[in-house]
Enquirer: 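First the structure, then my questions, so here it is.
Protein chains get the first letters and strands the later ones, always in sequence-line order, with residue 1 at the start of each.
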Number of protein chains: 2
Amino acid sequence: MDIREASDVKFAALADRTRRAILARLAMGEATVAELNKPFQISQPAISKHLRVLEEAGLIESVKLGQSRPRRLRPQALTELTDWLNGLQKLWSDSFDRLETFLASETPSPKKED
Amino acid sequence: MDIREASDVKFAALADRTRRAILARLAMGEATVAELNKPFQISQPAISKHLRVLEEAGLIESVKLGQSRPRRLRPQALTELTDWLNGLQKLWSDSFDRLETFLASETPSPKKED
DNA sequence: CTCCTACATATCCATCTGGTTATATAACCT
DNA sequence: AGGTTATATAACCAGATGGATATGTAGGAG
């Protein structure tokens, strides 16, 4: 049983360089397993494994289409991640602002720089 | 020797739930190891390990301050990651726009306005 | 100096991960 | 049906990862 929640799985999926390359490729349009395998030296099963990870993270999706099963990006899935990072940045810059405000009000030296 | 580049290490650092929690805590202000350890049930050495990972990823920094060594966020380090994600989203939405344009121009509509 | 505190480092262990090759399945093509 | 193509699954392996406990080190308090 895996109790990790959505963002765990998504961030973990992004942690691998090959998978990020696959995502970048898919951002330019859907592609089959064979096409995705081309640029890499690793075996086809290895790619299939990566695709499974990405799909279970909800980052990509696939449809059976005849003999092949092309993958495509699920861009909505990215927002959770960017939101987290943006939230972190905002949290920090806010607290930094507070710090600056604090320092400005507390600093005994009325002048600085130069 | 580790040939992984910056974003590999950063994304890998984010892949762990505990480390993300540490970052979230640090976003609210700097904190010592003991303070960072408090909310977790894991041992202090485990926290130190996580902090090392985060520091080597350039996500946090520390200064020796007397007996303690408080950590703080290095927010610039986040931009590389958000940039990557934003780039991916943009790439996708652009290609989606192109697809829409393509479909609009190719559709064998029985009628088209001049 | 001696003890305590805050943290780092060493060693060990179980589990996870990313890769491999071999094999299975399913669709398409004579 | 028999052969090829596209992809998935199984079994296996080496190395990375996250945790533990034990110990080291350096600064502050007595």
Enquirer: Is there a chain of hydrophobic side chains (I, L, V, M, F, W, Y, each step under 4.5 Å between heavy atoms) that links A:Leu78 to A:Phe11?
Expert: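 Same cluster.
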
Enquirer: Is A:Ser48 close enough to D:dA8 that one of its side-chain N or O atoms is under 4.0 Å from OP1 or OP2 there?
Expert: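 So the side-chain polar atoms of A:Ser48 do come within 4.0 Å of the phosphate oxygens OP1 or OP2 of D:dA8, strictly under.
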
Enquirer: Under 4.0 Å, heavy atoms only, any strand: does A:Ala46 hit a base, just the sugar-phosphate, or nothing?
Expert: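 Since a base atom lies under 4.0 Å of A:Ala46, the category is base.
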
Enquirer: Quick one, which residues of residues 57-66 of chain A touch DNA chain C with a heavy atom under 4.0 Å?
Expert: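 By residue number: A:Gly66.
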
Enquirer: Say you draw a straight line from CG of B:Leu51 to OG1 of B:Thr18; how long is it, rounded to the nearest 0.5 Å?
Expert: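 B:Leu51 CG to B:Thr18 OG1: 11.0 Å, rounded to 0.5 Å.
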
Enquirer: CZ of B:Arg19 versus P of D:dT17: gap in Å, rounded?
Expert: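 That distance rounds to 8 Å.
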
Enquirer: Rounded to the nearest Å, what distance is computed from the CD atom of residue A:Gln41 to the P atom of nucleotide C:dT21?
Expert: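 Rounded to the whole Å, the gap is 12 Å.
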
Enquirer: Flag the pair A:His50 / A:Ile22 as yes when at least one side-chain heavy-atom distance between them is below 4.5 Å, and no otherwise.
Expert: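 The answer is yes; the side chains approach within 4.5 Å.
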
Enquirer: Rounded to the nearest 0.5 Å, what separates atom CH2 in B:Trp92 from atom CE in A:Met28?
Expert: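 Reported to 0.5 Å precision, the distance equals 12.5 Å.
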
Enquirer: Before accepting this row, confirm whether a basic side-chain N of the pair B:Arg20/B:Asp16 lies closer than 4.0 Å to the acidic partner's carboxylate O.
Expert: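 Answer for the salt bridge query: no.
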
Enquirer: Starting at CG of B:Leu51 and ending at P of C:dC7, how long is that distance when rounded to a whole Å?
Expert: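 Spelled out: CG on B:Leu51 to P on C:dC7 is 9 Å.
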
Enquirer: Just the dot-bracket of DNA chain C, please: which string comes out with Watson-Crick or G-U pairs under 3.5 Å, [ ] for crossing, | for another strand?
Expert: ||||||||||||||||||||||||||||||

Enquirer: With a non-hydrogen cut-off below 4.0 angstrom, is A:Ser43 in contact with a base, only sugar-phosphate, or nothing?
Expert: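 If one applies the 4.0 Å heavy-atom cut-off, A:Ser43 turns out to touch a base.
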
Enquirer: Taking all non-hydrogen atoms of both residues into account, name the closest pair between B:Leu26 and B:Arg71 and its distance.
Expert: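 Of all heavy-atom pairs spanning B:Leu26 and B:Arg71, the closest is CD2-O, 3.3 Å.
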
Enquirer: Closer than 3.5 angstrom, by distance alone: can the side chain of A:Lys10 be matched with the main-chain N or O of A:Ala57 as a donor-acceptor pair?
Expert: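 Yes, because the side chain of A:Lys10 sits within donor-acceptor range (under 3.5 Å) of the backbone of A:Ala57.
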
Enquirer: Provide, to the nearest angstrom, the distance between the CG atom belonging to A:Leu14 and the C1' atom belonging to C:dT17.
Expert: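 Taking CG of A:Leu14 and C1' of C:dT17, I get 16 Å after rounding.
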
Enquirer: Look at the side-chain N and O atoms of A:His50 and state whether any lies under 4.0 Å from the OP1 or OP2 oxygen of C:dT17.
Expert: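 No, A:His50 has no side-chain N/O under 4.0 Å of OP1/OP2 on C:dT17.
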
Enquirer: Please give, in whole Å, the distance from D:dA20 P to B:Ile47 CD1?
Expert: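 Taking CD1 of B:Ile47 and P of D:dA20, I get 9 Å after rounding.
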
Enquirer: For the residue pair A:Gly58 and A:Ala77, what are the closest heavy atoms and their distance?
Expert: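 Result for this residue pair: O-CB, 3.0 Å.
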
Enquirer: Could you state the CD1-C1' distance from A:Ile22 to C:dG19, rounded to the nearest angstrom?
Expert: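 Going from CD1 in A:Ile22 over to C1' in C:dG19 covers 13 Å.
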
Enquirer: Ignoring hydrogens, what is the shortest heavy-atom contact between B:Pro39 and B:Glu35? Give both atom names and the distance.
Expert: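 Taking B:Pro39 first and B:Glu35 second, the nearest heavy atoms are CD-O, 3.4 Å.
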
Enquirer: Hey, which of these two, B:Arg52 or A:Ala12, hits DNA chain C nearer its 5' end, going by closest nucleotide?
Expert: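 Upstream on the strand: B:Arg52.
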
Enquirer: For C:dA26, take OP1 and OP2 only and decide whether either is under 4.0 Å from a side-chain N or O of A:Arg69.
Expert: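 It does not, given that no N or O in the side chain of A:Arg69 lies less than 4.0 Å from OP1 or OP2 of C:dA26.
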
Enquirer: Does any residue of residues 30-37 of chain B have a heavy atom under 4.0 Å from DNA chain C, and if so, which ones, in number order?
Expert: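 Residues of residues 30-37 of chain B under 4.0 Å from DNA chain C: B:Thr32, B:Val33, B:Ala34.
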
Enquirer: Indicate yes or no for a side-chain donor-acceptor contact from B:Glu80 to the backbone of B:Ser7 under 3.5 Å, with no hydrogens or angles considered.
Expert: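 Such a contact is found between B:Glu80 side chain and B:Ser7 backbone.
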
Enquirer: Under the criterion side chain to side chain contact (heavy atoms under 4.5 Å, CB included), which of A:Leu81, A:Leu88, A:Leu85 is the partner of B:Thr82?
Expert: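 Among the candidates, only A:Leu85 passes.
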
Enquirer: For the base of D:dA26, is there a side-chain donor-acceptor partner from B:Gln67 under 3.5 Å away?
Expert: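 Checked by distance alone, the answer is no.
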
Enquirer: Could a donor-acceptor pair under 3.5 angstrom be found where the side chain of A:Gln44 meets the base of D:dA6?
Expert: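 No such pair is found, so the answer is no.
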
Enquirer: For B:Arg72, look at atom CZ and say whether over 12 heavy atoms of other residues, nucleotides or ligands are found less than 6.0 Å away.
Expert: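 Not more than 12 within 6.0 Å, no.
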
Enquirer: Less than 4.0 angstrom from a charged side-chain N to a carboxylate O is my criterion; do A:Arg74 and A:Glu55 meet it?
Expert: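 No, no charged N to carboxylate O under 4.0 Å.
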
Enquirer: Once you round it to whole Å, what is the distance between P of D:dA20 and CD1 of B:Ile42?
Expert: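 It works out to 6 Å between those atoms.
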
Enquirer: Give the nucleotide from the list C:dG18, D:dG19, D:dA22 with an atom nearest to the side chain of B:Lys49.
Expert: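 For B:Lys49, the side-chain atoms sit closest to D:dG19.
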
Enquirer: Roughly, in whole Å, what's the span from CG in B:Asp16 to P in D:dT17?
Expert: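 That distance rounds to 11 Å.
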
Enquirer: Using a 4.0 Å heavy-atom cut-off, does B:Arg17 contact any base of the nucleic acid, only the sugar-phosphate backbone, or nothing at all?
Expert: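 No contact.
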
Enquirer: D:dA6, OP1 or OP2 - any side-chain N/O from A:Arg71 closer than 4.0 Å?
Expert: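 Negative; the distance criterion is not met.
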
